Trainee: 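To start, I am sharing the structure in question, which I have written as structure tokens.
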Amino acid sequence: MDNGESSYRRFLNGDKDALTEIIRDYKDGLTFFVNGITDNLTVAEDIVQETFIKLYVKKPRFKGKSSFKTWLYRIGRNTAVDYLRHRRKADLISLDETIEYTASDYFREDRNIILHKAIIRLKPEYSQVLWLTYFEGMSNDEVTAILGKSKNNTAVLLHRAKEALKKELIKEGLDDEDL
């Protein structure tokens, strides 16, 4: 049983500190994942906050059919999709416009900044599959569950995303030796 699952069970049994542990452990990764959907860090932070509020208020049942992290990211993804359905995309500020003010420790090094900027220029589904696979270290099954695609579609999507990222990095001046 992973830490998220055990923390969530403790929360459901009345331990309010357990939810704090979940937020601490999953907030940053979930925020960057949701940012790939919304293309706006401020909105992504709000959606992640709403995701944790859903856990606190609605206390959805975790059935254990996937890892806790996969289940939580699916809730975050669904919350983001719901948000986008109800908001005009034109109202969103691009992350490219705000990155210099909101860069986290992940992106302080020049190479990581180049990588991050290249990823956010990709199609949202490409950035999502890359983030989940490489930054979150999720398995193909977990990514498939979060994205709601078949295993084959996820594998094809990941391959295409890697090819698109390689082209973006080459545009940024990185050669094959740097990749």
Side-chain angles (χ1 to χ4, degrees), residues 1-108 116 119-120 122-139 141-149 154 157:
M1 174 169 31
D2 79 303
N3 188 34
E5 182 178 350
S6 62
S7 295
Y8 190 62
R9 286 185 188 184
R10 286 191 355 256
F11 165 70
L12 292 175
N13 290 328
D15 182 357
K16 302 296 184 205
D17 291 333
L19 185 61
T20 303
E21 291 174 14
I22 293 169
I23 293 169
R24 181 194 66 224
D25 292 344
Y26 295 100
K27 179 181 63 113
D28 292 341
L30 185 57
T31 299
F32 286 109
F33 170 68
V34 170
N35 181 61
I37 298 169
T38 64
D39 196 28
N40 182 307
L41 190 57
T42 303
V43 171
E45 289 170 342
D46 290 344
I47 289 169
V48 169
Q49 183 176 13
E50 186 177 334
T51 301
F52 289 122
I53 289 170
K54 284 180 181 181
L55 290 184
Y56 183 77
V57 174
K58 294 183 179 181
K59 297 178 176 76
R61 190 166 159 219
F62 175 68
K63 298 176 184 173
K65 293 181 179 178
S66 63
S67 73
F68 178 81
K69 186 176 184 177
T70 300
W71 177 77
L72 179 64
Y73 274 52
R74 184 69 178 192
I75 293 171
R77 180 184 183 277
N78 290 343
T79 303
V81 169
D82 288 345
Y83 171 84
L84 292 176
R85 281 188 192 129
H86 294 85
R87 303 282 182 205
R88 290 188 347 229
K89 189 146 175 108
D91 291 341
L92 298 177
I93 299 171
S94 168
L95 179 62
D96 284 332
E97 297 172 22
T98 60
I99 191 162
E100 62 187 325
Y101 304 108
T102 60
S104 73
D105 291 339
Y106 288 105
F107 308 114
R108 294 212 187 264
H116 178 68
I119 289 174
I120 61 176
L122 300 175
K123 292 180 184 180
E125 61 183 358
Y126 288 178
S127 63
Q128 291 170 33
V129 73
L130 288 169
W131 180 264
L132 293 173
T133 302
Y134 295 107
F135 293 95
E136 294 296 331
M138 292 186 173
S139 70
D141 289 340
E142 291 171 317
V143 174
T144 296
I146 291 170
L147 298 180
K149 298 187 178 291
T154 301
L157 183 63

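Everything numeric in this text was worked out from a predicted model, so none of it was measured. Worth knowing before you read on, the calculation uses all heavy atoms, side chains too, and leaves out hydrogens, waters and symmetry mates.
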Trainee: Mind checking salt bridge (Lys or Arg N to Asp or Glu O under 4.0 Å) for E125 and listing every partner two or more places apart, or none if nothing turns up?
Mentor: K149
Trainee: How close do Y73 and G29 get, counting heavy atoms only, and between which atoms?
Mentor: OH-C, 3.1 Å
Trainee: Enumerate the residue pairs fulfilling side-chain hydrogen bond (donor to acceptor under 3.5 Å, both in side chains) with a member in residues 12-22, sequence neighbours excluded, ordered by first and then second residue.
Mentor: S7-E21, R10-D15, R10-E21
Trainee: Taking side chain to side chain contact (heavy atoms under 4.5 Å, CB included) as the definition, give me every residue that meets it alongside S127, ordered by chain and number, with sequence neighbours left out.
Mentor: I119
Trainee: Among pairs that include at least one residue of residues 47-67, which meet salt bridge (charged side-chain N to carboxylate O under 4.0 Å, His left out), considering only residues two or more places apart or in two chains?
Mentor: none
Trainee: Just jot down the side chain to side chain contact (heavy atoms under 4.5 Å, CB included) partners of S139, sequence neighbours excluded, or say none.
Mentor: D141, E142
Trainee: Any chance you could measure I47, atom CD1, to L84, atom CG, to the nearest 0.5 Å?
Mentor: 6.0 Å
Trainee: If you compare all heavy atoms of R77 against all heavy atoms of I146, which two are closest, and at what distance to 0.1 Å?
Mentor: CD-O, 3.0 Å
Trainee: Counting C-beta onward and ignoring hydrogens, is there a side-chain heavy-atom pair between W71 and E5 closer than 4.5 Å?
Mentor: no
Trainee: F68 vs Y8 aromatic rings, parallel, tilted or perpendicular, using cut-offs 30° and 60°?
Mentor: tilted
Trainee: In this structure, is the centre-to-centre distance between the rings of F33 and W131 below 6.0 Å?
Mentor: no
Trainee: How long is the gap from CD1 on I23 to OH on Y56, to the nearest 0.5 Å?
Mentor: 10.5 Å
Trainee: So which heavy atom on A18 is nearest to which on F11, and how close?
Mentor: CB-N, 3.6 Å
Trainee: Name all residues meeting the salt bridge (Lys or Arg N to Asp or Glu O under 4.0 Å) criterion together with E45; count only those two or more places apart in sequence or in a different chain, and write none if there are none.
Mentor: none
Trainee: Looking at P60 and I75, what are the two nearest heavy atoms and their distance?
Mentor: CG-CD1, 4.2 Å
Trainee: So, T70 side chain and S66 main chain: donor-acceptor pair closer than 3.5 Å or not?
Mentor: no
Trainee: Taking all non-hydrogen atoms of both residues, which atom of L157 and which atom of L147 are closest, and how far apart?
Mentor: CD2-CD1, 4.0 Å
Trainee: What residues, two or more places apart in sequence or in another chain, satisfy salt bridge (Lys or Arg N to Asp or Glu O under 4.0 Å) together with R85?
Mentor: D82
Trainee: Once side-chain hydrogen bond (donor to acceptor under 3.5 Å, both in side chains) is applied, do any residues pair with D46, and if so which ones, sequence neighbours excluded?
Mentor: none
Trainee: Can you sort out the partners of R74 under salt bridge (Lys or Arg N to Asp or Glu O under 4.0 Å), two or more places apart, ordered by chain and number?
Mentor: none
Trainee: Please give me the minimum heavy-atom distance between G76 and L30, naming the atom from each residue.
Mentor: CA-CD1, 4.3 Å
Trainee: L55 and L72: side chain to side chain contact (heavy atoms under 4.5 Å, CB included), yes or no, with the steps?
Mentor: CA-CA 9 Å; L55 290 184; L72 179 64; 3.8 Å; yes
Trainee: Check for a donor-acceptor pair, side chain of N35 on one end and backbone N or O of N40 on the other, with a separation under 3.5 Å.
Mentor: yes
Trainee: Start with the C-alpha distance between I37 and Q128, add both sets of side-chain angles, then the distance that settles side chain to side chain contact (heavy atoms under 4.5 Å, CB included), and finish with yes or no.
Mentor: CA-CA 7 Å; I37 298 169; Q128 291 170 33; 3.2 Å; yes
Trainee: Taking side-chain hydrogen bond (donor to acceptor under 3.5 Å, both in side chains) as the definition, give me every residue that meets it alongside T144, ordered by chain and number, with sequence neighbours left out.
Mentor: T154
